[in-house]
Amino acid sequence: MYSFKSVEEKWQKIWIQNNTNVTPSISPTDRDNKCYVLEMLPYPSGKIHMGHVRNYCIGDVLVRYKKALGYKVLHPMGWDAFGMPAENAAIQNGTHPKVWTYQNIEEMKNTIISLGLSYDWDRELATCSEEYYGHEQRLFIEIYEKGLVYRKESWVNWDPVDNTVLANEQVIDGKGWRSGADVVKKQLPQWCLRITQYAEELLRNLATLKSDVNCGGWPEKVLTMQENWIGKSDGMSIKFKIIKNSNYVGYPEDNLVIFTTRPETLFGASFCAIACNHPLALLIAQENKAAATFISECQKIPTTECSQSIVEKKGFNTGMFVSNAINQDDVLPIFIANFVLMEYGTGAIFGCPAHDERDFEFATKYNLPIRSVISSSKSDSLPYVCTNGMMINSGFLNGLSVADARTTVCNFLEKALLGTRETTYRLRDWSVSRQRYWGCPIPMIHCKKCGIVTVPKKDLPIVLPDDVDFSVPGNPLDHHPTWKYVKCPYCGTDAERETDTLDTFFESSWYFLRYCSPHDDEPINKKAIEAWMPVDVYIGGIEHAVLHLLYARFFTMVLSDCGYINIREPFTTLLTQGMVCHTSFQDDSGKWLYPNEVEIEKDGKCFAVDDGRHVTAVRSEKMSKSKKNLIDPEQIISTYGLDALRIFIMSDTPYEKDFDWNTDALDGAWRYLNKMWRLCERINAKYKIFTEVLYKNDSAAIDSSHILKVTHCYLKKINTAFDQIVFHKAIAFHRELTRAIEGVLNEDVPVHIMAEVINIWIRVFAPFAPHFALEAYQFLFSSPETIDLLHWPTLRSELAREDTATIAVQVNGRLRHTFESHLGRSDDELKEISLSNEHVKKFIKCNTVKKVIIVPDKLVNIVTE
RNA sequence: GCGGCCGUGGUGAAAUUGGUAAACACGCCAGGUUUAGGUCCUGGUAGCGAAAGCUUUGGGGGUUCAAGUCCCUUCGGCCGCACCA
């Protein structure tokens, strides 16, 4: 009987004794032989959940495979330890964020260790440690000195529940990503990072991350999401001359500059519109009360509705006019409009109602002309927004295609100095200020005399004070009695520290670099980076497709420009794993029940275990505390063992898909281990212990015994599955191999053949069930010393070739017959065998054979009249 | 609205990338074993049909000797973005 408890404990002890998981040191010549596998670092919420387990199992299987192949592997783990939950816990139960966080880390670390995962704990880091964030402050200053950090008084997304500013990426459907509260607009001075300066490279490099056939790269989906997020569009900035009529207000520019991606539709323009906070709008508002009222009305609209574009389009006619850049005689009214965004383009547009839905809606409402300038054979309904068609009503553009008209008009306007071709991006600069305590203090000082200055590097780290008061709402650093009061390091006068802390995405933007030299005095050690980076395989959830993954790429470029590192992209291959789901249960009063509180009968009806009341199986959804549809990993491990859990979680469902928890299938994994162990016992009973015979892997020993061939055929398939990272297929092949071995156990297979077969059988299973495999290996083989790692078996490709094939015989494309044939049979032979088969003849009937298609070693298709 | 992904047995899924659809597993059915057990072993399991055989990869059409795979169309689901000019 296989006893997983003692076996798992035994091998974990040996791994610790042997320092099995300590990262090997490497030299530059090892680069082709290194592998950096990383799972996204967890937030220390206190408990490991199944999502973590799935994430880490994928990484661990990969690591063990790579190590078995002889790669030098870096596989670290750490904690994304700053952030709001710690602060919320402090507010709710009075536990200090630091205490709360480190307690959680302790607890989670113990669980992860008990999972037997191959992490090098010497490299563990917590982003909330003074050491880590001190280095981070140093990086911040360097980035600042590089001119990539600036301060901006700006409208921000304010989360009224969390009392903090949110980045655009943290606003989902107009609600705070964490609190779910409706986000409101508020003006605050913010620290911003110039990510937009890297928009082009961030976009361009996406092409280099595309996955080749079976060869790493990033999922197409993530690339698309990043591409859309960056949102590049090519267009033109065009000057519209402002007409100085009676409504004119003094504006420093003669022209209103608008941005458009459709310059060819200029002849169809019937108005211009500017954003509420456009400089011209603000000027007008100073003199015009109605305009001021309109603007403040617009700003009252909650971001929720704004961003969902459900707000009715409204405009304020300023009474001012511009002349159309393409035709001075064409005069267009200027509106202030609620649908024009200051943040995009120039904050001003021209409206061409015939060919833009928004402009159409606006023009209809305010009775503005709707002039069609593109004729299409496909549709004559307006607005017509496609770019197929021919230009009409457009002066010198008439008769041109849309594309040609665009080129022509751009050339014309540039020549006339009325416009410049321009590229804009949807991507905004990254606002990193947070009005929170539990984060990395921004190392800046506000001095009345010197202005805003950086903290000298010798004064780093700026340490968070421990004595903070959470009873007052707002930022505890801001109302701390002493912390923020300092002397200016440059002039010595009274000054104040910056009390904003950094967005926690800052920490996760460079931790993978720190892992390469976690104890170095410098934040980043260039030699270590050259050795280990980039991360070869990065594994995590798709929810970070645009947040973390974009920032980390940006940081890599920035730190490369600062001279810290020598690469531009941090993650070569990205694996995004699906969620772990489970049915959620609800009783008739709406209360959620844990799975173990529910009894499911054969007909699918559910009842509560305690009082038998009726329970509804709602649906299978992501495991979550609120829905109580949780399975506790620790409980599963104590009942089934680690290896069974690993096999179960890697079987059946591809890692990128959502995984439905299924206790029956977990039983199946457990049964498989036991079946394997019984097989080991039978093998041992028959063959005793396999000795050196197996190591004599010379050519003389080549034997084409059937089982050996079968085994090498499976090894080949399993190798491919591992290389392509489709683990569930590797397990399926392994099960087939197991069955094949069972089948020959009553035959007289020579001992050296069996030794080779079993050797392969156990070794390829080790990444999935490392404890089991080592135990089985030790049980069946005399090994010279204590082993802690099984090397990958060598494929003998001359054996992995089938020498017969099943030939399919089709008549008119439908399968009628199959026969076994040796490989390499000639077309004529195959044809003759097929045509002479009685069964096949029946289907040819008396029709004449028109032609015969032959796919060598595979198929014959007889085509009749 | 725009963009992307995906529809295969009762279920999770395979299919060497255009060449024998449903490997492997879960579940279910039948049979067997003195089976303490979350057992184990053998066989069956896409549908229809007594069988020969016919039908079958959401629906319809097309290309091809051959389509789950390619093209068009339609329906359904999931995800992302959402007044981005």
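Being a predicted model, the structure only gives us computed values, none of them experimental.
- A donor-acceptor contact under 3.5 Å links the side chain of A/K313 to the base of B/rC83.
- OP1 or OP2 of B/rA85 lies within a sub-4.0 Å distance of a side-chain N or O belonging to A/S233.
- Judged by a 6.0 Å distance limit and a 45° cone about the ring axis, A/R816 is positioned over the six-membered ring of A/F843.
- Note on residues 849-858 of chain A: no pairs pass side-chain hydrogen bond (donor to acceptor under 3.5 Å, both in side chains), not counting sequence neighbours.
- Between A/K729 and B/rA15, a side-chain N or O to OP1/OP2 separation shorter than 4.0 Å is present.
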Any protein N or O atoms within reach of nucleotides 76-79 of chain B? Criterion: under 3.5 Å, listing atom names and distances.
unit_1: B/rC79; atom_1: O2'; unit_2: A/K221; atom_2: NZ; d: 3.2

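- At a cut-off of 3.5 Å, with distance as the only test, no side-chain donor of A/Y366 or A/S270 sits close to an acceptor on the other residue.
- Phosphate contact (OP1/OP2 of B/rC2, side-chain N/O of A/R426, threshold under 4.0 Å): absent.
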Distances under 3.5 Å between protein N/O atoms and the N/O atoms of nucleotides 9-12 of chain B, please, pair by pair.
unit_1: B/rG12; atom_1: O2'; unit_2: A/T653; atom_2: OG1; d: 2.6
unit_1: B/rG12; atom_1: N2; unit_2: A/D652; atom_2: OD1; d: 2.9

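- Using a 4.0 Å heavy-atom cutoff across all strands shown, A/H734 reaches no nucleic acid atom at all.
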Would you tabulate the pairs of protein nitrogen or oxygen atoms and nucleotide nitrogen or oxygen atoms of nucleotides 62-66 of chain B closer than 3.5 angstrom?
unit_1: B/rC65; atom_1: O2'; unit_2: A/N861; atom_2: ND2; d: 3.2
unit_1: B/rC65; atom_1: O2; unit_2: A/N861; atom_2: ND2; d: 2.7

Polar-atom pairs under 3.5 Å, protein N or O versus N or O of nucleotides 51-54 of chain B: list them with distances, or write none.
unit_1: B/rG53; atom_1: OP1; unit_2: A/H839; atom_2: NE2; d: 3.3
unit_1: B/rC54; atom_1: OP1; unit_2: A/R816; atom_2: NH1; d: 3.3
unit_1: B/rC54; atom_1: OP1; unit_2: A/R816; atom_2: NH2; d: 3.1
unit_1: B/rC54; atom_1: OP2; unit_2: A/R816; atom_2: NH1; d: 2.9

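- Judged by distance alone, the side chains of A/S237 and A/E422 do bring a donor and an acceptor atom under 3.5 Å apart.
- In summary, the side chains of A/Y672 and A/T738 do present a donor paired with an acceptor at a separation below 3.5 Å, with no hydrogens or angles considered.
- Using a 4.0 Å heavy-atom distance criterion, A/T806 is classed as a base contact.
- Listed in residue order, the members of residues 636-646 of chain A having a heavy atom less than 4.0 Å from RNA chain B are A/T639, A/Y640.
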